[in-house]
Amino acid sequence: MSVVSAPHSLATKPYATRPHGSEPHGSGPRRTGARPWGRLLAAATLAVALTSAPLPAESAAALPAVVPVAAARAADAPIGFASVDALGQNGTTGGAGGPSVTITTAAQLKDYAGRAGPYTLWISGRVRTSGMITVVANKSILGVGATAEITGGGLQLGSTTRPGNNVIIRNLRFTAADDDSISVTNKAHHVWIDHNDLSDGYDGLLDIKRESDFVTVSWNRFHDHSKTMLLGHSDTYTADIGKLRVTYHHNFFDGTDQRHPRVRFAEPVHVFNNYYRNNSLYGVASTENAGVLVEGNYFENVAHPIHVGYDKSAPGRVVERRNVYAGSGAPETAGTVVEPSTYYPYTLDEPAKIPSIVEAGTGVGKLGF
C-alpha cells in the first residue's frame with residue numbers, strides 16, 4: 001500500500017505559551033460568542049516515500065501545478081471516503097429512491113429519521129428539539145433555502161441496534177445543541193456531511209467514533225465553539241483501529257479553539273484544502289498511532305497548526321505537504337501515512353487561494369435547494 005512519509009520524527013514547536021494538557025476532557029459548559037467515484041483500489045505493495053515541508057505564505061505561488069475547481073462545488077455526490085465502494089455499499093446515496101417529506105417539527109423529524117427504508121427529509125424553517133435524534137440507514141436530511149435550522153439538540157447516526165449507514169446531511173444550520181450537534185457512531189458507514197453551519201454546542205460539533213467508517217465532511221463552517229470535531233472515541237477504545245477512514249475537505253474553522261480534528265487510531269485520515277483561522281489551541285492533532293495526511297490547507301494565525309500527540313494521548317503519525325502557514329507556528333510531523341489516493345481520486349485547489357474559495361463556498365444557502 002502506498003504511503004507518504006514525514007521528513008523527520010518530530011519538528012520542534014516554536015511556541016510554548018500553551019502546553020499539552022490544556023484541552024479539557026469530557027463535556028463542558030457551552031462557549032458562546034467571541035471569539036459514485038470509483039471502486040476501492042487494490043493496495044499497492046510498493047511504499048512510495050514523499051517528503052513534506054512547511055510552505056510559507058509568500059512562496060505559495062511556487063507550488064507545482066494544481067488544478068483549480070469551482071468554488072461552490074454543489075455536487076450531487078461526495079468525493080473522498082464517502083465515495084468509496086466498500087462494506088456492501090456503493091458510494092453514499094442517502095434517501096435516493098425513496099419518498100420526500102417536508103419536516104417542520106421535531107416530532108416529524110424523530111418519526112421519519114427513525115423509519116426503515118430510504119427517505120429524503122426536507123427541513124423547512126427552524127426545528128426546536130433537545131437531546132439526540134437517532135437517524136437510521138438510507139436517509140438524506142436536507143435544508144430548504146438558507147434558513148433551515150436544527151436548534152437545541154442534534155442528530156445521532158445509528159444506535160447499537162439500528163445502523164446509521166448511507167446518510168447524507170446538507171445545507172443545515174445547527175445551533176445550541178445540548179450534546180453533540182452531529183454524532184456519527186455505532187459502526188455507521190458511508191456518511192456525507194456537507195455545506196452545513198455548526199456553532200455554539202455543548203460538547204462536539206461533529207464527532208465520529210465507535211468504529212464508524214467511510215465518511216466525508218466537506219464545505220462546512222464551524223464557529224463560536226471550542227471542541228469542534230473528535231475522531232475516535234477514547235484512548236482505550238482500540239476497536240476503532242482499522243476504521244474511522246474520513247476525508248475532511250474545504251471546511252472553514254473560523255475561530256474555533258481545537259479538534260479540527262483530534263484523531264485517535266484512524267488511518268488514513270485525509271485533511272485537505274481547509275481554511276483554519278484564529279484557532280487558539282491547535283489545528284489538527286494525531287494521537288494513538290493514527291495516520292493523518294494534512295495537505296493543501298491554509299493556516300492563518302494558528303500558533304500550533306499540527307500536533308503529534310496531545311494531552312495524555314500517545315503520539316500519532318502525521319505527514320504534511322503543500323500547506324500555507326500565514327502568521328502561524330511550525331507543524332509537527334512524524335512517521336508515514338497510507339496515501340488516500342490508494343482509495344479514491346481527488347484534486348487539490350491551490351492552497352494560497354483557499355481562504356477566498358472556502359469563505360465563498362462553505363455553509364448554507366449555496367446549493368440552490
Side-chain angles (χ1 to χ4, degrees), residues 36-37 69-83 89 91-104 108-109 112-113 118-127 129 133 135-151 153-158 164-175 177 180-184 188-199 201 205-208 212 214-223 229 246-252 273-274 357-369:
W37 287 85
V69 203
R73 218 78 68 93
D76 291 326
I79 63 172
F81 278 110
S83 72
Q89 176 69 38
T92 302
T93 57
S100 293
V101 180
T102 299
I103 302 294
T104 60
Q108 291 174 323
L109 181 56
Y112 284 96
Y119 282 90
T120 296
L121 309 182
W122 291 96
I123 308 295
S124 180
R126 176 176 290 172
V127 172
T129 187
I133 294 175
V135 181
V136 301
N138 305 314
K139 301 294 182 293
S140 293
I141 303 179
L142 312 175
V144 177
T147 61
E149 179 180 356
I150 295 175
T151 187
L155 302 179
Q156 176 175 302
L157 276 56
N165 307 332
N166 191 32
V167 171
I168 296 172
I169 301 172
R170 304 181 80 190
N171 198 46
L172 280 167
R173 194 179 306 275
F174 291 83
T175 60
D180 293 341
S181 297
I182 301 175
S183 177
V184 182
H189 64 82
H190 289 89
V191 174
W192 184 24
I193 299 169
D194 176 73
H195 278 96
N196 302 290
D197 184 292
L198 301 96
S199 66
L205 290 181
L206 201 176
D207 288 357
I208 303 170
S212 296
F214 295 101
V215 179
T216 293
V217 178
S218 56
W219 296 100
N220 303 287
R221 180 175 177 240
F222 300 87
H223 59 100
M229 297 191 306
V246 180
T247 304
Y248 299 92
H249 74 88
H250 293 93
N251 299 289
F252 186 10
N273 278 164
N274 300 285
I357 291 172
V358 168
E359 283 200 80
T362 53
V364 300
K366 308 294 173 66
L367 298 177
F369 291 166

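The basis for the numbers below is simple: all heavy atoms, side chains too, and nothing from hydrogens, waters or symmetry mates. We count residues from 1, following the sequence as given.
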Hey, mind stepping through V184 and I193 against side chain to side chain contact (heavy atoms under 4.5 Å, CB included) and telling me if it holds? CA-CA 10 Å; V184 182; I193 299 169; 3.9 Å; yes

Heavy atoms only: give me the nearest [X]-[Y] pair and the separation to one decimal.
| X | Y | result |
| --- | --- | --- |
| I168 | T92 | CG1-CG2, 3.8 Å |
| V364 | D197 | CG1-N, 4.0 Å |
| A113 | I133 | CB-CG2, 4.3 Å |
| G365 | A146 | CA-CB, 3.9 Å |
| G153 | A177 | O-CB, 3.6 Å |
| G164 | A188 | O-CB, 3.5 Å |

For the atom pair [atom1] ([X]) and [atom2] ([Y]), what is the distance rounded to the nearest 0.5 Å?
| X | Y | atom1 | atom2 | value |
| --- | --- | --- | --- | --- |
| I208 | M229 | CD1 | CE | 7.5 Å |
| S140 | R170 | OG | CZ | 9.0 Å |
| T247 | W192 | OG1 | CH2 | 12.5 Å |
| S183 | L157 | OG | CG | 8.0 Å |
| S218 | I79 | OG | CD1 | 7.5 Å |
| L142 | N171 | CG | CG | 8.0 Å |

Centres of the F369 and W122 rings: under 6.0 Å? yes

Any idea how H195 and W219 line up, ring-wise: parallel (<30°), tilted (30 to 60°), or perpendicular (>60°)? parallel

Quick one: sort the F214 and H190 rings into parallel, tilted or perpendicular, breaks at 30° and 60°. parallel

Residues two or more places apart in sequence or in another chain: which of them pass ring pair (Phe, Tyr, Trp, His ring centres under 6.0 Å) with Y248? none

Got a sec, which residues hit ring pair (Phe, Tyr, Trp, His ring centres under 6.0 Å) with F81, two or more places apart in sequence or on another chain? Y343, Y344

Set of side chain to side chain contact (heavy atoms under 4.5 Å, CB included) partners for D207, sequence neighbours left out: D180, L230

Taking atom types as modelled and ignoring hydrogens, do the side chains of T175 and T151 form a donor-acceptor contact shorter than 3.5 angstrom? yes

Polar contact flag, side-chain donor to acceptor under 3.5 angstrom, D194-T216: no

Do V101 and Y119 pass the side chain to side chain contact (heavy atoms under 4.5 Å, CB included) test, and can you show the C-alpha distance, the side-chain angles, and the key distance before you say yes or no? CA-CA 7 Å; V101 180; Y119 282 90; 4.1 Å; yes

Verify, without hydrogens or angle tests, whether [X] (side chain) and [Y] (backbone) share a donor-acceptor contact under 3.5 angstrom.
| X | Y | answer |
| --- | --- | --- |
| N196 | I169 | yes |
| N165 | A137 | no |
| T120 | S100 | no |
| E359 | G361 | no |

Stepwise side chain to side chain contact (heavy atoms under 4.5 Å, CB included) test for I150 and L155: CA-CA 9 Å; I150 295 175; L155 302 179; 4.1 Å; yes

So do the side chains of N273 and V358 get within less than 4.5 Å of each other, counting heavy atoms only? no

With a 4.5 Å cut-off on side-chain heavy atoms, are N251 and F222 touching? yes

For a side chain to side chain contact (heavy atoms under 4.5 Å, CB included) with N220, tell me which candidate from L198, L172, T362 qualifies. L198

Which residue in the set V217, I141, L206 passes side chain to side chain contact (heavy atoms under 4.5 Å, CB included) when paired with I182? L206

